[in-house]
Amino acid sequence: MALRLYNTLTRTKDDFRPIDPARVRMYVCGPTVYDYAHIGNARPVIVFDLLFRLLRHVYGDDHVTYVRNITDVDDKINARAASEHPDLPLNEAIRKVTSVTEAQFMADVTEIGCLAPSAQPRATEHIDDMTAMIERLIARGVAYVAEDHVLFSPGAMNAAPGPRYGSLARRSLDEMLAGARVDVAPYKRDAMDFVLWKPSKPGEPGWPSPAGIAPLGRPGWHIECSAMSMAKLLAPWGGGLTCDDPAKNVFDIHGGGIDLVFPHHENEIAQSCCAFGTDVMANVWMHNGFLQVEGEKMSKSLGNFLTIRQLLNDWPGEVLRFNMLRSHYRQPIDFTLKGLEESWKLLDDWYGAVGALEGAEAAPTVVEALSDDLNTPKAIAEIHALDDASALAGSLRLMGFLAESPAAFAARRPRADVDAAEIEAAIEARLAARRAKDFAASDRIRDELAAKGIVLKDGKDPATGAAVTTWELKR
RNA sequence: GGCCACGUGGCGGAGUGGUUACGCUACGGAUUGCAAAUCCGUCUACGGGGGUUCGAUUCCCUCCGUGGCCUCCA
């Protein structure tokens, strides 16, 4: 069954063929660890986790390498560290902020059903790779030193043969210049030049600079992904700066949010392609659409800024995950309470239908839907069409659901403020009244419980035929 | 201002140049002492206006609306 993926680079949906048929290599831009991740951040994490699971299903669990980086060098981290731990030396405060935030992120995404990537490199662990790459870019004439900065020149890149700057975003340099709104730093030769390395301010974290620059410095944002993808996805297979074979310096899939297309991914491509002499950095570029909350863009000023952690207080992680996958990953998504309720109901139904089935296989129809550029709405429709509990369980597991027992999932419904024994007693009294055909009393008891939000479900014991009543809290 | 997406029935949400996706809700039936739950069934759509076509929700143009990006912001 062919896997087809939409490629932002070509704007077409094509059959996916890994460079190494036995080894799929994927890189996804991960979080900047300065604060709780919000639900918008969760979208690419969930989407590419699903792709990771599908690739493992198709190619085998041990034949997919998924790298998701952690950005731990950033101005926002510095600012947060300074304001949160004013008593500590900045570097220590930064370590504290990044380690706490990273642990929180991992806990959050684990709870929404995401497998750990094969590797999660931190930017600070790959500074040497970045400076080596920067040296290479200078040597190749596409980067230059100015006032202790190192800048990449898209103009120089486009003056040479090879890939064009702007081909991912489909914008020419002229168009970008025409749209530029921001003041151009004086040390730049050209407005489009972007920073590879910059000097650290006093007190900021700093590392030995490349290109003979004396002061300590720190990397620009884009170079880290070029360096870390090289270290984790090229070097282990013979690629990297010491390899002069362009064919070994390309990996399969690069993913992230659609807002990263420009400038982040465009710049990554420029850096990696110029450093390695390749035409592409990765063969397939995948981008997930943007997320809104209750029809509005999420922002702190609107007061609708939802962190994953806040949502997990009220909703099971699988409900958040399902709600996210109800829309196709490239479409915009509107995250709403109504949608979460509906998602929870469906998961409840499925948990009930599946029971305690173990080790089931996914339905071919579901795998096929997912193989068509992760068409999750179609996959969900196919799940609805299944009449076999085993295929249902297998299909849901493939998508990262059913991680807990039906009982554990059912217990996630809030019922803290009700007295179960009291309700059971009322139910017994009602059953007695019904047996006595005292329906007025029976209905009164039911109404009283309903007023407390308790819904009764009448049934029969399949063996004895005796009346049995269960209850749950109204949603 | 420039560039780029998206706009489907009460709601969510796929898809397609001509034949009811699917789900939730609502409604009808079965069931029930009556309900709830369950099962069966039913209804409503393709933002506005032009164009191409035998035929467009699907292609093209335009307008409106929403959103994204435009050099360090996920």
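Fair warning: this is a prediction, and the values are worked out from it, not measured in the lab. The chains referred to below are lettered A, B, ... by the order of the sequence lines, with proteins before strands, and numbering in each begins at 1.
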May I ask you to say whether [X] pairs ionically with [Y], meaning some side-chain N is under 4.0 Å from a carboxylate O?
X: A:Glu341; Y: A:Lys345; answer: no
X: A:Asp75; Y: A:Lys201; answer: no
X: A:Arg430; Y: A:Asp458; answer: yes

Identify the two heavy atoms, one from A:Pro154 and one from A:Phe152, that lie closest to each other, and give their separation to 0.1 Å.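 Nearest pair, atom of A:Pro154 first, then A:Phe152: CD-O, 3.3 Å.
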Taking [M] as the reference, what is the distance to [N] when you measure between their [atom1] atoms (whole Å, please)?
N: B:rG48; M: B:rC54; atom1: P; answer: 24 Å
N: B:rG10; M: B:rC46; atom1: P; answer: 10 Å
N: B:rG50; M: B:rC72; atom1: P; answer: 45 Å
N: B:rG51; M: B:rG2; atom1: C1'; answer: 27 Å
N: B:rA36; M: B:rA30; atom1: P; answer: 13 Å
N: B:rG23; M: B:rU31; atom1: P; answer: 25 Å
N: B:rC34; M: B:rG41; atom1: C1'; answer: 23 Å
N: B:rC64; M: B:rU53; atom1: P; answer: 28 Å

With both distances under 3.5 angstrom, what nucleotide forms a Watson-Crick or G-U wobble pair with [N]?
N: B:rG23; answer: B:rC11
N: B:rG67; answer: B:rC4
N: B:rU52; answer: none
N: B:rC39; answer: B:rG29

[X] [atom1] - [N] [atom2] separation (whole Å):
X: A:Glu204; N: B:rC72; atom1: CD; atom2: C1'; answer: 13 Å
X: A:Ile333; N: B:rC11; atom1: CD1; atom2: C1'; answer: 15 Å
X: A:Asp259; N: B:rC4; atom1: CG; atom2: P; answer: 18 Å
X: A:Ile258; N: B:rC73; atom1: CD1; atom2: P; answer: 20 Å
X: A:Leu168; N: B:rA5; atom1: CG; atom2: P; answer: 13 Å
X: A:Asn288; N: B:rG68; atom1: CG; atom2: P; answer: 14 Å
X: A:Arg434; N: B:rG33; atom1: CZ; atom2: C1'; answer: 8 Å
X: A:Asp74; N: B:rC72; atom1: CG; atom2: C1'; answer: 9 Å

Selected nucleotide, minimal atom distance to [X] side chain, candidates [options]:
X: A:Arg430; options: B:rA35, B:rC72, B:rC22; answer: B:rA35
X: A:Asp458; options: B:rA35, B:rG67, B:rA37; answer: B:rA35
X: A:Lys457; options: B:rA37, B:rG33, B:rC73; answer: B:rA37
X: A:Asn375; options: B:rA21, B:rC6, B:rG15; answer: B:rG15
X: A:Pro377; options: B:rC73, B:rA35, B:rG13; answer: B:rG13
X: A:Trp221; options: B:rC72, B:rG68, B:rA21; answer: B:rC72

Interatomic distance, A:Phe105 atom CZ to A:Cys114 atom SG [nearest 0.5 angstrom]: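 Here the rounded value is 8.0 Å.
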Gap separating the CG atom of A:Asn69 from the CD atom of A:Glu125, nearest 0.5 angstrom: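 Rounded to the nearest 0.5 Å, the CG-CD separation comes out at 11.0 Å.
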What contact category does [X] fall into here, base, sugar-phosphate, or nothing, at under 4.0 angstrom with non-hydrogen atoms?
X: A:His264; result: nothing
X: A:Asn267; result: nothing
X: A:Phe262; result: sugar-phosphate
X: A:Leu456; result: base
X: A:Lys437; result: nothing
X: A:Gln292; result: sugar-phosphate
X: A:Arg330; result: nothing
X: A:Ser442; result: base
X: A:Tyr165; result: nothing

Among A:Ile333, A:Asn304, A:Thr336, A:Asp334, side chain to side chain contact (heavy atoms under 4.5 Å, CB included) partner for A:Gln292: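 Checked A:Ile333, A:Asn304, A:Thr336, A:Asp334 against A:Gln292; only one passes side chain to side chain contact (heavy atoms under 4.5 Å, CB included): A:Asp334.
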Measuring only between side-chain heavy atoms, which start at C-beta, is A:Ser209 closer than 4.5 Å to A:Trp197?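 SC-SC contact between A:Ser209 and A:Trp197 confirmed.
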Nearest nucleotide by nearest heavy atom, which residue falls closer to the 5' end of RNA chain B, A:Val195 or A:Arg170?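 Result: A:Arg170.
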Toward the 5' end of RNA chain B, which comes first, A:Gly295 or A:Tyr187, by nearest nucleotide?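 The residue mapped nearer the 5' terminus is A:Gly295.
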Which label fits [X] and [Y]: parallel for a plane angle under 30°, tilted from 30 to 60°, or perpendicular past 60°?
X: A:Tyr187; Y: A:His149; value: parallel
X: A:Phe194; Y: A:His222; value: perpendicular
X: A:Phe409; Y: A:Trp344; value: perpendicular

Could you pull out the protein-nucleic contacts involving nucleotides 56-61 of chain B (nitrogen or oxygen on both sides, under 3.5 Å)?
none

Under 3.5 Å, is there an N or O donor on one side and an acceptor on the other linking the side chain of A:Arg446 and the base of B:rA36?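 Answer no: no donor N or O sits under 3.5 Å from an acceptor.
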Donor-acceptor pair present, A:Asp443 side chain and B:rA35 base, under 3.5 Å: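 Under the 3.5 Å cut-off, the side chain and the base do not form any donor-acceptor pair.
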Look at atom CZ of A:Phe305 and say whether more than 12 heavy atoms of other residues, nucleotides or ligands are closer to it than 6.0 Å.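 Yes, because the 6.0 Å sphere around CZ of A:Phe305 holds more than 12 heavy atoms from other groups.
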Using the 3.5 Å cut-off, write out each protein N or O paired with an N or O of nucleotides 23-27 of chain B and the distance between them.
| from | atom 1 | to | atom 2 | distance (Å) |
| --- | --- | --- | --- | --- |
| B:rG23 | N2 | A:Glu342 | OE2 | 3.3 |
| B:rC24 | O4' | A:Glu342 | OE2 | 3.1 |

Is the side chain of A:Asp373 donor-acceptor paired with the backbone N or O of A:Tyr6 at a distance under 3.5 Å, no angle test?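 The answer is yes, because a donor-acceptor pair under 3.5 Å joins these two groups.
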